[in-house]
Amino acid sequence: MRDDIDQVLIDRHEIAARVQTVAQQITSDLQAHEGGNLLLPDGPGLTLVPILTGSIIFLADLMRHLPLRLRIRLVAISSYPGSATTSRGATILEHLTNLPEDLTGQHVLLIDDIFDSGTTLKAAKSLLEKRNAAGVRTCVLLRKKRAETLDQHVDYCCFEIPDAFVVGYGLDYNDYYRNLPDIVTLKPQIFARSS
Ligand code: IMP
Ligand code: MG
């Protein structure tokens, strides 16, 4: 697996430091919001909604730096099926999604691994809004620098990266490489093999 790596773009130490900083930012924003009501032991709390599967490692690290009353609901969306490396549009996978039909009064933090074309995050956000979430904030580990998405807003982003296909720290190629601790690019022959 290590032999398949071309370049390490962001190493595990940089990721850990930045995830902690972003978590602190989220916490202080929520403290400011509604006079900190969301954080009270008997307050409504925050609902984390990770988009499966790519966000699981980011979620695990981020949530351990959120000293909040929170719970988790899952949304599964497929946009890069199999060995695709460009978006094929967002399909909600109902069988892996456990979102309540009614989210009235719930403040949600939607979490994804990477914002590329923005289609996935947009689909998930509109699903949450249709179910009446009181507020939806968005948080991504990575965002690809692409001219055509500059006008699209994300509330929290850990790193902006060049428009390249990356894996590791939860991100996959053909469902492999999620367990790499760093964010890396793969050697071109890896893609050539499966096309
Ligand atoms: P979007 O809908 O184009 O923004 O793509 C977002 C989704 O596509 C993410 O949730 C990822 O699962 C996947 N994705 C986008 N870019 C990459 C990449 O470079 N590596 C791995 N997965 C990616
Ligand atoms: Mg994904």
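Whatever order the structure lists them in is the order used to number ligands and atoms, beginning at 1. Values in this document were obtained by computation on a predicted structure and should not be read as measured data. Hydrogens, waters and symmetry mates are skipped; everything else that's a heavy atom, side chains included, is used.
When heavy-atom distances to ligand 1 are checked against a 4.0 Å cut-off, V166 comes that close through both its backbone and its side chain. Contacts with ligand 1 closer than 4.0 Å are made by backbone heavy atoms (N, CA, C, O) of A164 only, the side chain lying farther away. For V167, no heavy-atom contact with ligand 1 is shorter than 4.0 Å. If you look at D112 next to ligand 1, the close heavy atoms, those under 4.0 Å, all belong to the side chain.
Atoms of ligand 1 found under 4.0 Å from any heavy atom of S79 (numbered from 1 in listed order, with element): 7 (C), 8 (O). With ligand atoms numbered from 1 in the order given, ligand 1 contributes 16 (N), 17 (C), 18 (C), 19 (O) to contacts under 4.0 Å with heavy atoms of K144. For ligand 1, the atoms lying closer than 4.0 Å to a non-hydrogen atom of S117 are 1 (P), 2 (O), 3 (O), 4 (O). Against a heavy-atom cut-off of under 4.0 Å, D172 is close to the following atoms of ligand 1: 21 (C). Atoms of ligand 1 found under 4.0 Å from any heavy atom of L171, numbered from 1 in the order shown, are 20 (N), 21 (C), 22 (N).
Considering all non-hydrogen atoms of both residues, D113 and G54 come closest at OD2-CA, 3.2 Å. In this structure, K144 and I114 approach most closely via the heavy-atom pair CE-CD1, 3.5 Å. Nearest heavy atoms, D116 versus T149: O-CG2, 3.6 Å. Scanning both residues, D3 and K187, for their nearest heavy atoms gives O-NZ, 2.6 Å. Residues V166 and L171 share a closest heavy-atom pair of O-CB, 3.9 Å. Taking each heavy atom of R178 and I57 in turn, the nearest pair found is O-CD1, 3.4 Å.
Ring geometry for Y169 against F58 counts as tilted: the plane angle lies between 30° and 60°, on a 0 to 90° scale.
In this comparison of T120, I51, D113, the heavy atom closest to atom 9 (C) of ligand 1 sits on D113.
Annotation: G118 places an N or O atom under 3.5 Å from an N or O atom of ligand 1; distance criterion only.
T120 and S79 share a donor-acceptor pair across their side chains, judged by distance under 3.5 Å alone.
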